[in-house]
Amino acid sequence: MRAALDLLDEAGAKGFSIALLAQRLRVRPSSLYNHVKGKDDILAGVRELVTAPIDAGAFETLPWDEALVSWARLYRAAFAAHPQTISLLATIPVSGAHRTLRMYEAVVRGLERGGWPTEAVIPVLVGVESFILGSALDLVAPPTMFDPGPDSPEVPRFTAAVRARDQAADAQRRPAADLAFEVSLLALVHGLRARLAGERADRTADGGAPPLG
C-alpha cells in the first residue's frame with residue numbers, strides 16, 4: 001500500500017498501474033494477488049494511508065460546527081500531502097477503507113447530534129468535502145496562479161487585489177492559499193449554521209419539536 005501511494009505521488013492517477021507497482025516491488029504482477037484481491041483493494045489501502053491523519057474525534061466532544069472546522073483543517077492537510085491521489089480517490093467507492101468509513105461514521109454522528117436531520121447529513125458532508133479537496137489542490141498550486149503577468153494593465157483592479165492578497169499573506173507569514181481556505185471555511189460553516197437554525201425555526205413554526213443538539 002505504501003509503495004502504491006509512493007507511485008501515485010510520483011506518477012499520478014494516469015501513471016498508476018498494477019504492472020508498475022509490481023515492478024517497483026520487484027515482483028511479478030501475479031504475485032500481488034497472493035496478498036490482495038485486486039486494484040480496488042490496493043486503492044482502499046491507499047485511502048487508509050492518506051486519511052490516517054484525519055482525526056474526527058472532535059465530533060465526540062465539540063459542537064458540530066467547531067468539530068467541522070477542526071476536521072476540515074486536518075482533511076485538507078492530509079490530501080495536500082498527497083495531491084495526486086485526489087482525482088482518483090474522489091471518484092472511486094469508499095468500500096473496503098474501514099478506518100475511513102469509521103471516520104465518516106463519527107462525522108455523521110456528530111452532525112446528527114448537533115441537530116442535522118439524517119437526510120441532510122450526507123449532502124452537508126459531501127459539500128464540505130468538495131470544498132476541502134479543492135482547497136487542498138489550491139495549497140499545492142503554483143503561487144503565481146493568479147499573476148496576470150504582462151496583462152496586468154488590462155486588469156488593474158484584479159492585479160491590485162492579487163497584490164493585496166499576497167501582501168496580507170506575507171504579513172501573516174502564511175501561504176496565500178491559507179487565507180482563502182480560512183475565510184471560505186468559516187463562511188461555509190456560518191452558512192450551514194444559519195441553514196440549520198432556519199430549519200429548526202420552520203419545524204417549530206409547524207408545531208414540531210426542534211431537533212436535539
Side-chain angles (χ1 to χ4, degrees), residues 1-61 67-112 118 121-145 175 177-178 180-181 184-185:
M1 305 309 178
R2 293 190 181 279
L5 179 55
D6 289 344
L7 179 57
L8 280 165
D9 283 342
E10 295 170 16
K14 292 183 179 179
F16 179 83
S17 70
I18 295 296
L20 286 176
L21 178 59
Q23 182 180 347
R24 179 176 287 258
L25 293 171
R26 298 181 181 180
V27 299
R28 294 180 179 179
S30 58
S31 299
L32 295 178
Y33 295 101
N34 294 325
H35 307 281
V36 295
K37 294 179 181 178
K39 186 176 180 180
D40 288 348
D41 267 7
I42 294 172
L43 294 180
V46 167
R47 189 190 296 275
E48 298 284 67
L49 290 175
V50 174
T51 61
I54 308 174
D55 183 3
F59 284 96
E60 297 293 331
T61 58
L68 197 64
V69 169
S70 172
W71 178 72
R73 288 171 176 158
L74 293 172
Y75 199 123
R76 173 178 177 251
F79 274 89
H82 304 283
Q84 296 281 17
T85 67
I86 292 176
S87 63
L88 182 61
L89 298 182
T91 55
I92 61 173
V94 73
S95 59
H98 303 292
R99 199 212 68 84
T100 306
L101 286 168
R102 289 193 295 272
M103 175 192 72
Y104 283 135
E105 178 75 4
V107 175
V108 169
R109 287 181 180 274
L111 292 175
E112 288 182 330
T118 301
V121 167
I122 297 302
V124 168
L125 191 157
V126 172
V128 174
E129 190 175 56
S130 298
F131 159 71
I132 293 169
L133 292 176
S135 296
L137 289 175
D138 185 40
L139 185 60
V140 298
T144 56
M145 277 287 293
D178 279 358
F181 174 73
S184 300
L185 174 61

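From Ile18, atom CD1 reaches atom OH of Tyr33 across 4.5 Å, with rounding to the nearest 0.5 Å. Rounded to the nearest 0.5 angstrom, Phe59 CZ and Leu111 CG are separated by 5.5 Å. Annotation: the span from Gln84 atom CD to Leu8 atom CG amounts to 8.0 Å, rounded to 0.5 Å. Rounding to the nearest 0.5 Å gives a distance of 12.5 Å between CG of Leu32 and NZ of Lys39. The line from NE2 of His82 to CG of Leu5 is 4.5 Å long, rounded to the nearest 0.5 Å. Rounding to the nearest 0.5 angstrom, the gap separating the CE atom in Met1 from the CG atom in Leu43 is 9.0 Å.
Considering only heavy atoms from C-beta on, Thr118 stays 4.5 Å or farther from Val108 through its side chain. Looking at Leu89 and Val94, their side chains never come closer than 4.5 Å, going by heavy atoms from C-beta outward. The shortest side-chain heavy-atom distance between Ile132 and Phe79 does not fall under the 4.5 Å cut-off. With a 4.5 Å cut-off on side-chain heavy atoms, Arg47 and Val50 do not count as touching.
Ile86 approaches Ala136 most closely through the heavy-atom pair CD1-CB, 4.0 Å. Contact detail for Ala72 and Leu185: the closest heavy-atom pair is CB-CD1, 3.7 Å. Ser95 approaches Ala44 most closely through the heavy-atom pair O-CB, 4.2 Å. Considering all non-hydrogen atoms of both residues, Ala4 and Ile42 come closest at CB-CG2, 3.6 Å. The minimum heavy-atom distance between Gly96 and Leu101, with the atom names listed, is N-CD1, 4.4 Å. Across all non-hydrogen atoms, the minimal contact from Leu137 to Pro83 is CD2-O, 4.1 Å.
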Intermediate values then yes/no, side-chain contact (heavy atoms from CB on, under 4.5 Å), Asp41 and His35: CA-CA 10 Å; Asp41 267 7; His35 307 281; over 6 Å; no

Would you please test Val121 and Val107 for side-chain contact (heavy atoms from CB on, under 4.5 Å) and show each step? CA-CA 9 Å; Val121 167; Val107 175; over 6 Å; no

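Ring-plane geometry between Tyr75 and Trp71 is classed as perpendicular, the angle between the planes exceeding 60 degrees on a 0 to 90 degree scale with a lower cut at 30.
Salt-bridge formation is not detected for the pair Arg76/Asp138: no Lys NZ or Arg NE/NH1/NH2 atom is positioned less than 4.0 Å from an Asp or Glu carboxylate oxygen.
Counting non-hydrogen atoms of neighbouring residues, nucleotides and ligands closer than 6.0 angstrom, the CZ atom of Arg99 exceeds 12 such neighbours.
Put simply, the side chain of Ser17 gets close to the backbone of Leu20: a donor and an acceptor are under 3.5 Å apart. Remark: the backbone N or O of His98 is paired with a side-chain donor or acceptor of Glu48 at under 3.5 angstrom. A donor-acceptor contact shorter than 3.5 Å is absent between the side chain of Ser184 and the backbone of Phe181.
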